[in-house]
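Naming convention: chains lettered A, B, ... in sequence-line order (proteins, then strands); numbering from 1 in each chain. Any value given below was found using the heavy atoms of this structure, including those in side chains, with hydrogens, waters and symmetry copies removed.
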Number of protein chains: 2
Amino acid sequence: MELSNKQITVIFKSLCDENRVQIFRILQNGELCACHLLEELHLSQPTLSHHMKVLCDSGLVVGRKEGKWMHYSISAEGAKIAVDCLKEITAVNESECKCCNK
Amino acid sequence: MELSNKQITVIFKSLCDENRVQIFRILQNGELCACHLLEELHLSQPTLSHHMKVLCDSGLVVGRKEGKWMHYSISAEGAKIAVDCLKEITAVNESECKCCNK
DNA sequence: CATACACATAGAAAAATGTCAATATGTTTT
DNA sequence: AAAACATATTGACATTTTTCTATGTGTATG
């Protein structure tokens, strides 16, 4: 997959703000439109819109437009990529034995 | 485990900065002291010290003091907690069927 | 014991991020 | 077509984060 350092920061920025973490908790119950998300968060509409953009940019959330509504949900594929990325970046190389290989 | 939103942000802040991601890449080759990390990064010594504090606070990195040196390494336990946390927060509830349970 | 070394902390400046009010855009309804 | 609605964008401000220089702390060494 070979993500750049920058791309990795974009993925995990989604989880660096308490309100965005809370949005994940709400979306765990299923797809929801922005106006319903707004009801459960103490945020202005533009602020929520900003957070949803950060979440969609990370790939962990996807938006689906339906008329004037935007429906947001957690992306299973995005989540898998993030988990794989986290595992990769925290894995320690075993191939460092000096006698057999580089 | 039941981590708070705040605790989750602390974990993933470790991966929200490109320099810190790069530090993970370097530590993947094994434990390293701060002065050697410094050689591979274009950062001042206090800035590196700051990033190492963020990383240790997240639990993904651990420091081991030996004389005047601090040796840093990736924490396998911390990584496991982070992966579990990421899986949990991105999991979608299945128990939402209206006919059988709440 | 004085000096050098490795790292941490304090304080300040700069950059990035979070927030809101106001406004714009696009869609539906009347 | 006008009005109402849902969401996005803009611009301003406050907070947080990143970064540095200067300095402090603890440890080893000459």
Side-chain angles (χ1 to χ4, degrees), chain A residues 4-27 30-75, chain B residues 4-27 30-75:
Chain A
S4 69
N5 290 357
K6 176 66 182 171
Q7 289 174 309
I8 293 174
T9 65
V10 170
I11 292 174
F12 293 103
K13 271 203 174 84
S14 58
L15 291 162
C16 283
D17 176 272
E18 293 188 54
N19 284 314
R20 289 197 291 267
V21 173
Q22 188 59 33
I23 291 169
F24 275 101
R25 293 198 195 276
I26 296 169
L27 291 181
E31 189 184 64
L32 215 58
C33 73
C35 57
H36 285 134
L37 273 169
L38 192 55
E39 289 173 5
E40 307 205 31
L41 295 161
H42 302 154
L43 290 176
S44 69
Q45 180 269 319
T47 299
L48 175 61
S49 188
H50 161 73
H51 284 309
M52 297 321 293
K53 178 159 172 44
V54 173
L55 289 172
C56 289
D57 286 349
S58 80
L60 282 170
V61 169
V62 287
R64 181 174 65 81
K65 184 165 183 173
E66 191 178 314
K68 54 183 173 180
W69 291 277
M70 275 298 294
H71 297 262
Y72 293 104
S73 56
I74 295 173
S75 165
Chain B
S4 70
N5 290 358
K6 176 66 182 171
Q7 289 174 310
I8 292 175
T9 66
V10 170
I11 292 174
F12 292 104
K13 270 203 174 85
S14 59
L15 290 162
C16 282
D17 176 273
E18 292 188 53
N19 284 314
R20 290 197 289 266
V21 174
Q22 188 59 33
I23 291 168
F24 275 102
R25 293 198 195 276
I26 296 169
L27 290 181
E31 189 185 63
L32 215 58
C33 71
C35 57
H36 286 133
L37 273 169
L38 192 55
E39 289 173 5
E40 307 205 31
L41 296 161
H42 302 154
L43 290 177
S44 69
Q45 179 269 318
T47 300
L48 176 61
S49 188
H50 160 73
H51 284 308
M52 298 320 294
K53 178 158 171 43
V54 173
L55 289 172
C56 290
D57 286 349
S58 79
L60 283 171
V61 169
V62 287
R64 180 173 67 80
K65 185 164 181 172
E66 190 178 316
K68 53 183 173 180
W69 289 278
M70 275 298 294
H71 297 262
Y72 292 104
S73 56
I74 295 173
S75 164

Item to complete: Take the protein atom CG of A:Leu48 and the nucleotide atom P of D:dT9, then report the distance between them rounded to whole Å.
Response: 13 Å
Practice prompt. Tell me which of B:Cys16 and B:His50 sits closer to the 5' end of DNA chain C, going by the nucleotide each one is nearest to.
Written response: B:His50
Fill in: B:Leu15 CG - D:dT18 C1' separation (whole Å)
17 Å
Practice prompt. Using only heavy-atom distances, determine whether the side chains of B:Arg25 and A:Asn5 contain a donor-acceptor pair under 3.5 Å.
Written response: yes
Worksheet item: Rounding to a whole Å, what distance do you find between A:Arg64:CZ and D:dT7:C1'?
Response: 15 Å
Discussion item. Quick check for you: among D:dC20, D:dT17, D:dT7, whose closest atom lies nearest to any side-chain atom of B:Lys13?
Written reply: D:dT17
Worksheet item: Roughly how many Å is it from CD in A:Gln45 to C1' in D:dA8, rounded to a whole number?
Response: 7 Å
Item to complete: Answer with base, sugar-phosphate or nothing: what part of the nucleic acid does A:His51 contact at a heavy-atom distance below 4.0 Å?
Response: sugar-phosphate
Fill in: Nearest-0.5 Å distance, CG of residue B:Leu60 to CZ of residue B:Phe12
7.5 Å
Discussion item. Can you measure A:His71 atom NE2 to D:dA8 atom P for me and round it to whole angstrom units?
Written reply: 12 Å
Response to the item:
Taken to the nearest whole Å, CG/A:Leu32 to C1'/D:dA6 is 14 Å
Response to the item:
Note: for B:Pro46 and B:Val54 on DNA chain D, the residue whose nearest nucleotide lies more 5' is B:Val54
Fill in: Interatomic distance, B:Leu15 atom CG to B:Phe24 atom CZ [nearest 0.5 angstrom]
5.0 Å
Worksheet item: Rounded to the Å, how far apart are B:Met70 CE and D:dT25 P?
Response: 19 Å
Discussion item. Does D:dT7 have its OP1 or OP2 closer than 4.0 Å to a side-chain nitrogen or oxygen of A:Lys65?
Written reply: no
Fill in: Comparing B:Met52 and A:Trp69 on DNA chain C - which has the more 5′ nearest nucleotide
B:Met52
Worksheet item: At what distance, to the nearest 0.5 angstrom, does CG of A:Leu43 lie from CD1 of A:Ile23?
Response: 6.5 Å
Worksheet item: Reckon B:Thr47 has a side-chain N or O less than 4.0 Å from the OP1 or OP2 of D:dC20?
Response: yes
Item to complete: Look up atom NZ in B:Lys6 and atom CD in A:Glu18, then write down how far apart they are to the nearest 0.5 Å.
Response: 5.5 Å
Worksheet entry | Separation of B:Cys35 SG from B:His71 NE2 (nearest 0.5 Å) | 8.0 Å
Item to complete: Would you mind reading off the distance between B:Asp57 atom CG and D:dT17 atom P, rounded to a whole angstrom?
Response: 12 Å
Practice prompt. Go through DNA chain C in 5' to 3' direction and return only the first and the last nucleotide with some atom under 4.0 Å of chain A's heavy atoms.
Written response: C:dT17 to C:dT28
